[in-house]
Amino acid sequence: MICRAIMNRPLAVLSLSLALVSGCVPGRVSRDGAVQINLGKLLNARVVTTEARGRLQMADHSLNHGWDSVLITKSAMEVAGSGKLNPLPDVGFFPANNEHPEVQLAYGIVGGGAQVHQSTNRTEVYDVPVPTNRYAQLQLFFISAAGATPVSFKLLYADGSTEERVTVVTDFYFLPKTDVANWFVLAEDFGKVNLQAKMTEQTHHYIHGYNLNPEAGKVLRGIEVTKKDSGSVLNLFGVTGRKANHE
């Protein structure tokens, strides 16, 4: 089941994890109207080394083209003896703030499975399986590695109309540019390890979030993502929506 990574934790940690992760099951609507979109078969790579019952669950891909750009959770860092770096939170849960509602990333709940959708340097077009609904907001969470990534998003509405958003995902070593609208930071100042879970950098990396701003009052039925040809690697960590009736 989708929450098996949390269920495998000791009882004391399990109680805290389930209390924090109100959006544990993708599709459930949390108190603030957040819907965690289930990326399902889109997930194709492990880029975060995690831990369950004292054993490491290793990443199988680097965020970039190499081997030394991997993320790690706090408990995995302690088991691996990775070194002194800022890790990601174990359960992949980020409480609501003024930028986003409650967010649950897949890496915290998929156990040993794939955690992100990774697109390499070539052009790729894929569909995000968004439940048909009216959304006040939809947010996508990315890491672009080995440089910035040009992307476009086509919003597909139930009435047959479409809208397009065109932007650039900043390399995850940098904060989003302040003069580019709709970008914010979900997770900040974390470090990296290699595929053997040993530290390569202590801090200074970010997961970026992007506001799609769907048209008010329209029913959204899907999102088409185009990752454009570049020398970079794009990693989609998650998608969270906020239903319109919870504004």
Quick one: does any side-chain atom of [X] pair with a main-chain N or O of [Y] as donor and acceptor, under 3.5 Å?
X: H65; Y: G231; answer: yes
X: S69; Y: L63; answer: no
X: H117; Y: L236; answer: no
X: Q104; Y: A106; answer: no
X: S152; Y: R165; answer: no
X: N182; Y: Y210; answer: no
X: R46; Y: M58; answer: yes
X: Q137; Y: N213; answer: yes
X: T49; Y: I72; answer: no
X: R134; Y: G217; answer: yes

For atom NZ of K154, decide whether the heavy atoms of other residues, nucleotides or ligands shown that lie under 6.0 angstrom number more than 12.
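Open: at most 12 neighbouring heavy atoms sit under 6.0 Å from NZ of K154.
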Count the heavy atoms of every other residue, nucleotide or ligand shown that sit under 6.0 Å from OH of Y173, and state whether that count exceeds 12.
no
Evaluate salt bridge (Lys or Arg N to Asp or Glu O under 4.0 Å) for K74 paired with E78, printing each intermediate quantity in order.
CA-CA 6 Å; K74 184 177 186 295; E78 293 168 351; 2.7 Å; yes
Assigning hydrophobic clusters by single linkage (Ile, Leu, Val, Met, Phe, Trp, Tyr; side-chain heavy-atom cutoff under 4.5 Å), is [X] placed with [Y]?
X: V130; Y: Y126; value: yes
X: Y206; Y: V48; value: no
X: I143; Y: V103; value: yes
X: L88; Y: V70; value: no
X: L85; Y: I207; value: no

For E215, salt bridge (Lys or Arg N to Asp or Glu O under 4.0 Å) partners two or more places apart
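In terms of salt bridge (Lys or Arg N to Asp or Glu O under 4.0 Å), with neighbours along the sequence ignored, E215 is linked to K218.
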Going by heavy atoms in the side chains, are [X] and [Y] under 4.5 Å from each other?
X: K243; Y: N133; answer: yes
X: F172; Y: N235; answer: no
X: P176; Y: V169; answer: no
X: V193; Y: K198; answer: no
X: V47; Y: Q118; answer: yes
X: L39; Y: V128; answer: yes
X: F153; Y: T167; answer: yes

State whether a side-chain donor-acceptor pair under 3.5 Å links [X] with [Y].
X: T240; Y: Q139; answer: no
X: H204; Y: E188; answer: no
X: T149; Y: S232; answer: yes
X: D229; Y: N121; answer: no
X: Q202; Y: N86; answer: no
X: E163; Y: Y157; answer: yes

Parallel, tilted or perpendicular: which one describes the rings of H208 and W183, with boundaries at 30° and 60°?
perpendicular
Check the angle between the aromatic planes of F141 and H100 and answer parallel, tilted or perpendicular using the 30° and 60° thresholds.
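Rings of F141 and H100: perpendicular, as their planes differ by over 60°.
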Can D171 and S144 be said to form a side-chain hydrogen bond (donor to acceptor under 3.5 Å, both in side chains), step by step?
CA-CA 5 Å; D171 185 280; S144 178; 5.4 Å; no
Before you tell me yes or no, could you show the steps for F142 and L186 under side chain to side chain contact (heavy atoms under 4.5 Å, CB included), namely the whole-Å CA-CA distance, both residues' side-chain angles and the distance that decides it to 0.1 Å?
CA-CA 9 Å; F142 291 105; L186 177 69; over 6 Å; no
Ion pair K192/E201, N-O distance below 4.0 Å:
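Answer for the salt bridge query: yes.
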E124 CD to S119 OG distance, which is reported to the nearest 0.5 Å:
3.5 Å
If you round to the nearest 0.5 Å, how far is CG of L175 from CZ of F184?
13.5 Å
So, applying side chain to side chain contact (heavy atoms under 4.5 Å, CB included) with V151, which one of L234, T226, V166, V168 is it?
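Answer after filtering L234, T226, V166, V168: L234.
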Step-by-step side chain to side chain contact (heavy atoms under 4.5 Å, CB included) determination, T132 to V219:
CA-CA 7 Å; T132 300; V219 175; 3.3 Å; yes
Stepwise, does the side chain to side chain contact (heavy atoms under 4.5 Å, CB included) test hold for D189 with H205?
CA-CA 5 Å; D189 208 29; H205 296 87; over 6 Å; no
Decide side chain to side chain contact (heavy atoms under 4.5 Å, CB included) for Q115 and T50; before the verdict, give the C-alpha distance in whole Å, the side-chain angles of both, and the deciding distance to 0.1 Å.
CA-CA 11 Å; Q115 304 159 326; T50 57; 3.9 Å; yes
